[in-house]
Amino acid sequence: RVQLRETGGGPVQVGGALRLSCGASDYRAREFCMGWFRQFPGKEREGIAMIYSRDRSKTYGDSVKGRFTIDLDYAKKEVYLQMNDVSLEDTATYYCAANYGGYCRGQYPQGPDFAFWGEGTQVTVSS
């Protein structure tokens, strides 16, 4: 079965940078959409970035646009999230997700469009 696993979370200071990685095992889609979400305590999961494998087109949520970058290594089926200039408001649990296959739907990442999820990695920003 498809499994996603995030790595790279941890503590980071305000203004610093962090790079999250997510590897997918047994994921056989040839064209697909992978994304990153985050969840604050007591809040619903927020879609922050997604990438389409065919043309590497990317979509970002407004809260991270210009600071975070999503990228994909197609051969490894790994997706990355480069987080720059982080703020206290970026403290959250970050999840990667993948769809069954095909293009990325919608103008921003939405949970129901993704079928597979990682267990999450915690990012804690401190001043």
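Phe37 has its ring centre less than 6.0 Å from the ring centre of Phe114.
Side-chain contact between Val86 and Asn84 is absent, with no heavy atoms from C-beta onward closer than 4.5 Å. For the pair Glu46/Phe40, a side-chain contact is recorded, criterion being any heavy-atom separation below 4.5 Å from C-beta on. In this structure the side chain of Val2 never reaches within 4.5 angstrom of the side chain of Arg28, judged on heavy atoms. Using a 4.5 Å heavy-atom threshold, the side chains of Thr69 and Lys58 count as touching. Counting heavy atoms from C-beta on, the side chains of Thr7 and Leu20 never come closer than 4.5 Å.
Looking only at atom types and distance, the side chain of Thr59 has no donor-acceptor partner in the side chain of Gln107 under 3.5 Å away. Gln13 and Ser126 share no side-chain donor-acceptor pair at under 3.5 Å. Side chains of Ser63 and Arg38: a donor on one and an acceptor on the other come within 3.5 Å. Using modelled atom types and a 3.5 Å distance limit, the side chains of Tyr52 and Glu31 yield a donor-acceptor pair.
Stacking of Arg45 on the aromatic ring of Tyr95 is recorded, both the 6.0 Å distance cut-off and the 45° axial limit being met.
Taking CD of Gln3 as the start and CG of Asp26 as the end, the distance is 7.5 Å to the nearest 0.5 Å. Remark: Arg19 CZ to Met83 CE distance equals 12.5 Å, nearest 0.5 Å. Rounded to the nearest 0.5 Å, atoms CZ (Arg30) and OG (Ser53) are 11.5 Å apart. Atoms NZ and OG, from Lys76 and Ser21 in turn, are 9.5 Å apart once rounded to the nearest 0.5 Å. In this structure, OG1 in Thr121 is found 8.0 Å from CG in Leu18, a value given to the nearest 0.5 Å.
Between the side chain of Tyr60 and the backbone N or O of Met50, no donor-acceptor pair lies under 3.5 Å. With hydrogens and angles disregarded, a donor-acceptor distance shorter than 3.5 Å links the side chain of Glu6 to the backbone of Glu119. Arg67 contributes a side-chain N or O that, together with a main-chain N or O of Asp85, makes up a donor-acceptor pair within less than 3.5 Å.
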Q: Walk me through it: do Leu72 and Met34 pass the test side-chain contact (heavy atoms from CB on, under 4.5 Å)?
A: CA-CA 8 Å; Leu72 172 71; Met34 294 186 76; 4.1 Å; yes

Q: Report the C-alpha distance between Asn99 and Asp113 in whole Å, list the side-chain angles of each, state the deciding distance to 0.1 Å, and finish with yes or no for side-chain contact (heavy atoms from CB on, under 4.5 Å).
A: CA-CA 7 Å; Asn99 67 357; Asp113 294 330; 6.0 Å; no

(Q) Is there a ring-ring contact (aromatic ring centres under 6.0 Å, His included) between Phe32 and Tyr74? Walk through the geometry before answering. (A) CA-CA 10 Å; Phe32 53 86; Tyr74 181 87; 5.5 Å; yes

Q: May I have the step-by-step check of side-chain contact (heavy atoms from CB on, under 4.5 Å) for Thr91 and Gln122, ending in yes or no?
A: CA-CA 8 Å; Thr91 294; Gln122 177 67 35; 3.9 Å; yes

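For Ile48 against Pro109, the heavy-atom pair with the smallest separation is N-CG, 4.0 Å. Closest non-hydrogen pair, Cys96 versus Val79, comes out as CB-CG1, 4.3 Å. The minimum heavy-atom distance between Gly101 and Ala29, with the atom names listed, is CA-CB, 4.1 Å. Of all the heavy atoms in Tyr27 and Cys33, the pair that sits closest is OH-O, 4.1 Å. The minimum heavy-atom distance linking Leu4 with Cys22 is given by the pair CB-SG, 4.0 Å.
Arg56 and Asp71 are not joined by a salt bridge, as no carboxylate oxygen comes within less than 4.0 angstrom of a charged side-chain nitrogen.
Checked options Ile51, Ile70, Asp73; the residue passing with Tyr80 is Asp73 (criterion: side-chain contact (heavy atoms from CB on, under 4.5 Å)).
Ring pair Tyr94/Phe68 is tilted by interplanar angle, where 30° to 60° counts as tilted.
Tyr103 and Phe116 are assigned to two separate hydrophobic clusters, defined by single-linkage of ILVMFWY side chains at heavy-atom distances under 4.5 Å.
Other residues, nucleotides and ligands contribute at most 12 non-hydrogen atoms within 6.0 Å of the CZ atom of Arg54.
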